[in-house]
**Q** 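Take this structure, written in structure tokens, and hold onto it; I'll ask about it next.
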Amino acid sequence: MSRFLASMRDGRGFDILLVAVPLAFLIALSGLPLVYNVVMSFQQVDMFSLGTFWRPWVGFDNYVAVFSQPETWPILRNTVVFVVASIAGQFLIGFALALFFTMDFPGAGYIRGLFLVSWVMPGLVVGAIFNWILAGDFGVLNYVLKSIGLISENIFWRSDIAFSLWAVIIANVWLGTAFNMILLAVGLASIPKDLYEAAALDGANAWQRFWTITLPMMRATIGAVVSLGLIFTLQQFDLFASITSGGPNNSSNVAQYWAWELSFRQYDFARGATISTVMILVVMIAATIYVRSTRHEVRG
């Protein structure tokens with residue numbers, strides 16, 4: 001005990017304690033449920049065996065059953081479309097806003113702060129707001145599109161099979177744009193201004209400076225933003241629950257919402273865990289890319 005107290009006083013033991021306490025917290029609240037979910041995907045689970053860890057082992061039968069269902073591939077395709085469109089929209093708009101706010105003009109800080117409202121709002125609240133915006137009869141979006149002549153009739157965004165997924169994508173882009181803007185603005189602020197001045201003296205125009213200086217210097221930040229966007233987008237559940245509920249006819253259903261439906265509506269916990277395990281693998285790949293993209297910044 002005296003050696004432990006001495007190590008706490010000299011700082012070495014305290015450093016270990018600072019790491020051990022959060023690590024134990026993560027293992028207890030995240031690691032154990034994750035392992036439980038993975039193990040459950042290889043077991044036969046029903047309502048009566050849900051409370052025990054020892055259940056019949058079925059191997060990869062749950063995976064074969066899930067990928068044999070006719071709705072699996074359309075839902076996975078929806079997931080890919082949702083992830084790619086959401087990340088692209090959030091990144092492009094966020095990057096444009098980050099570049100815009102690098103200009104020094106009165107009120108820039110206050111206006112940029114207003115964009116953070118979307119980031120701090122709960123997903124269910126955002127879903128409720130977009131239910132009004134995307135309403136087919138009185139929605140603001142239909143009114144704007146008809147006013148500028150892009151459509152002649154109202155679009156029922158939430159109930160039309162062709163548009164239901166895009167209704168959630170629009171809401172998710174709005175929700176995540178501010179996060180992208182902040183991270184990208186930090187990356188832009190770290191680029192030395194001398195590089196732009198030297199390029200301008202050499203005759204480089206704005207596009208050439210963006211292509212040869214901004215993008216290469218932002219490579220690590222862009223990798224981190226895209227990786228985090230993938231992780232957050234795959235976790236998005238609230239917008240589907242509040243806007244479309246995966247319908248109509250699974251046209252807006254995605255893997256994360258389908259896993260919840262299988263587990264808590266159809267009580268097929270094993271297949272729900274199977275889908276979640278597949279998503280865990282995708283998130284682990286994204287996390288690896290994120291760590292590799294920030295390795296240079298940590299070393300520097």
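The residues of the chain are indexed from 1 along the displayed sequence.
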**Q** Does a sphere of radius 6.0 Å around CH2 in Trp57 hold more than 12 heavy atoms from other residues, nucleotides or ligands, not counting ones at 6.0 Å or beyond?
**A**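 Above 12, so yes.
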**Q** Measure the spacing between CD1 of Ile280 and CG of Leu234 and express it to the nearest 0.5 Å.
**A** 11.5 Å
**Q** Nearest 0.5 Å please: distance from the CG atom of Asn37 over to the OG1 atom of Thr274.
**A** 8.5 Å
**Q** Counting only heavy atoms not in Gln44, do more than 12 fall under 6.0 Å of its CD?
**A**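 It does not: Gln44 CD has 12 such atoms or fewer within range.
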**Q** Compare all side-chain heavy atoms of Leu183 with those of Leu228 and state whether any distance is below 4.5 angstrom.
**A** yes
**Q** Do Val39 and Val283 sit in one hydrophobic cluster, given that two such residues count as connected whenever their side-chain heavy atoms are within less than 4.5 Å of each other, even indirectly?
**A** yes
**Q** Does Ile169 form a side-chain contact (heavy atoms from CB on, under 4.5 Å) with Val81? I'd like the steps, not just the answer.
**A** CA-CA 9 Å; Ile169 291 173; Val81 172; 4.3 Å; yes
**Q** So if you build clusters from Ile, Leu, Val, Met, Phe, Trp, Tyr with side-chain heavy-atom gaps below 4.5 Å, do Leu114 and Leu97 land together?
**A** no
**Q** Can you confirm whether Phe156 sits close enough to Asp137 that some side-chain heavy atom of one is under 4.5 Å from a side-chain heavy atom of the other?
**A** yes
**Q** Under the side-chain contact (heavy atoms from CB on, under 4.5 Å) criterion, do Leu76 and Phe67 qualify, and how do the steps go?
**A** CA-CA 10 Å; Leu76 292 180; Phe67 285 98; 3.9 Å; yes
**Q** For the backbone of Ala204 and the side chain of Asp202, can you confirm whether one donor and one acceptor N or O come within less than 3.5 Å of each other?
**A** no
**Q** Does atom CH2 of Trp166 have more than 12 heavy-atom neighbours from other groups under 6.0 Å away?
**A** no
**Q** Just so I know, are the side chains of Arg55 and Met40 near enough to count as touching, which here means a heavy-atom distance under 4.5 Å?
**A**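 They are in side-chain contact.
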**Q** Tell me whether Phe95 is reachable from Leu116 by hopping between hydrophobic residues (I, L, V, M, F, W, Y) whose side-chain heavy atoms are closer than 4.5 Å.
**A**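 Leu116 and Phe95: one cluster.
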**Q** Let's go through Tyr257 and Gln236 carefully: what are the C-alpha distance in whole Å and the side-chain angles of both, what is the deciding distance for side-chain contact (heavy atoms from CB on, under 4.5 Å) to 0.1 Å, and is it a yes or a no?
**A** CA-CA 8 Å; Tyr257 190 80; Gln236 182 54 251; over 6 Å; no
**Q** State, to 0.1 Å, how close Val254 and Ile75 come at their nearest heavy-atom pair, and which atoms those are.
**A** C-CG2, 3.6 Å
**Q** Keeping Asn154 on the side-chain end and Gly139 on the backbone end, is there a donor-acceptor pair under 3.5 Å?
**A** no
**Q** Can the ring centres of Trp132 and Phe138 be said to be less than 6.0 Å apart?
**A**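 Ring-ring flag for Trp132/Phe138: false, centres at least 6.0 Å apart.
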**Q** Tell me whether the rings of Tyr63 and Phe42 are parallel (<30°), tilted (30 to 60°) or perpendicular (>60°).
**A** tilted
**Q** Hey, are the side chains of Gln69 and Arg271 touching, using non-hydrogen atoms and a 4.5 Å cut-off?
**A** yes
**Q** For atom OH of Tyr143, is the number of surrounding heavy atoms from other residues, nucleotides or ligands below 6.0 Å larger than 12?
**A** no
**Q** Which heavy atom of Val173 sits nearest to which heavy atom of Gly89, and what is that distance?
**A** CG1-C, 3.8 Å
**Q** Should the heavy atoms of other residues, nucleotides or ligands under 6.0 Å from CE of Met284 be counted, would the total exceed 12?
**A**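 Atom CE in Met284 is not packed in, count stays at 12 or less.
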**Q** For the CG atom of Asn78 and the CG atom of Leu165, what is their distance to the nearest 0.5 Å?
**A**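 If we round to the nearest 0.5 Å, Asn78:CG and Leu165:CG are 5.0 Å apart.
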**Q** Do Gln90 and Asn172 have side chains that approach each other closer than 4.5 Å (heavy atoms only, starting at C-beta)?
**A**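 Of all side-chain heavy-atom pairs linking Asn172 with Gln90, at least one is under 4.5 Å.
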**Q** Might you confirm whether atom CD of Gln266 has over 12 heavy atoms from other residues, nucleotides or ligands at distances under 6.0 Å?
**A**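 It does: Gln266 CD has more than 12 such atoms within range.
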**Q** Would you say the side-chain atoms of Thr221 pair up with the backbone N or O of Leu184, donor to acceptor, closer than 3.5 Å?
**A** no
**Q** Please report the C-alpha distance between Ser251 and Ser164 in whole Å, then the side-chain angles of each, then the deciding distance to 0.1 Å, and finally whether the side chain to side chain donor-acceptor pair (under 3.5 Å) criterion is met.
**A** CA-CA 7 Å; Ser251 61; Ser164 58; 2.7 Å; yes
**Q** Run the ring-centre check on Phe240 versus Phe82 and record whether the distance is less than 6.0 Å.
**A** yes
**Q** Could you tell me whether the side chain of Trp157 reaches within less than 4.5 Å of the side chain of Thr244, counting heavy atoms only?
**A** no
**Q** Would a 4.5 Å heavy-atom cut-off, applied to side chains only, mark Ile129 and Met121 as touching?
**A**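 Yes, close enough: below the 4.5 Å cut-off.
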**Q** Looking only at heavy atoms, what is the nearest atom pair of Thr102 and Leu188, with distance?
**A**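 Scanning both residues completely, I find the closest heavy atoms to be CG2-CD1, 3.8 Å.
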**Q** Please report the interatomic distance CZ(Arg158) to CG(Leu134), rounded to the nearest 0.5 Å.
**A**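 Reported to 0.5 Å precision, the distance equals 7.5 Å.
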**Q** Going only through I, L, V, M, F, W and Y residues with side-chain contacts under 4.5 Å, is there a path from Leu215 to Leu92?
**A**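 Yes.
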**Q** Using the ring centroid of each side chain, check whether Phe210 and Trp207 are separated by less than 6.0 Å.
**A** yes
**Q** With the 4.5 Å side-chain cut-off for hydrophobic clustering, are Tyr196 and Val186 part of the same group?
**A**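 Result: no, two separate clusters.
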**Q** Side chain to side chain donor-acceptor pair (under 3.5 Å) between Ser49 and Asp46: does it pass, once the steps are laid out?
**A** CA-CA 5 Å; Ser49 62; Asp46 53 35; 3.0 Å; yes
**Q** Go through the steps to decide whether Ile170 and Ile133 satisfy the test side-chain contact (heavy atoms from CB on, under 4.5 Å), and finish with yes or no.
**A** CA-CA 11 Å; Ile170 292 171; Ile133 295 176; over 6 Å; no
**Q** Does Ser227 use its side chain to pair, donor to acceptor, with the backbone of Ala224 at less than 3.5 Å?
**A**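 Absent.
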**Q** Restricting to non-hydrogen atoms, name the atom on Leu29 and the atom on Pro33 that form the minimum distance, rounded to 0.1 Å.
**A**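 Residues Leu29 and Pro33, closest heavy atoms: O-CG, 3.5 Å.
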**Q** Measure the spacing between CD1 of Ile27 and CG of Leu34 and express it to the nearest 0.5 Å.
**A** 12.0 Å
**Q** CD1 of Ile155 to CG of Leu141: how many Å apart, nearest 0.5 Å?
**A** 7.5 Å
**Q** Are the side chains of Leu239 and Trp174 in touch, meaning some heavy atoms are under 4.5 Å apart?
**A**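 They are not in side-chain contact.
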**Q** How close do Gly246 and Ser252 get, heavy atom to heavy atom, and via which atoms?
**A**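 Shortest heavy-atom contact: C-OG, 3.2 Å.
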**Q** Does the pair Asn253 and Glu71 meet the rule for a side chain to side chain donor-acceptor pair (under 3.5 Å), with working shown?
**A** CA-CA 10 Å; Asn253 206 353; Glu71 64 267 31; over 6 Å; no
**Q** Can you see which heavy atom on Gly136 is nearest to which on Asn142, and at what distance?
**A**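 Looking at all heavy atoms of both residues, the shortest contact is O-ND2, 3.2 Å.
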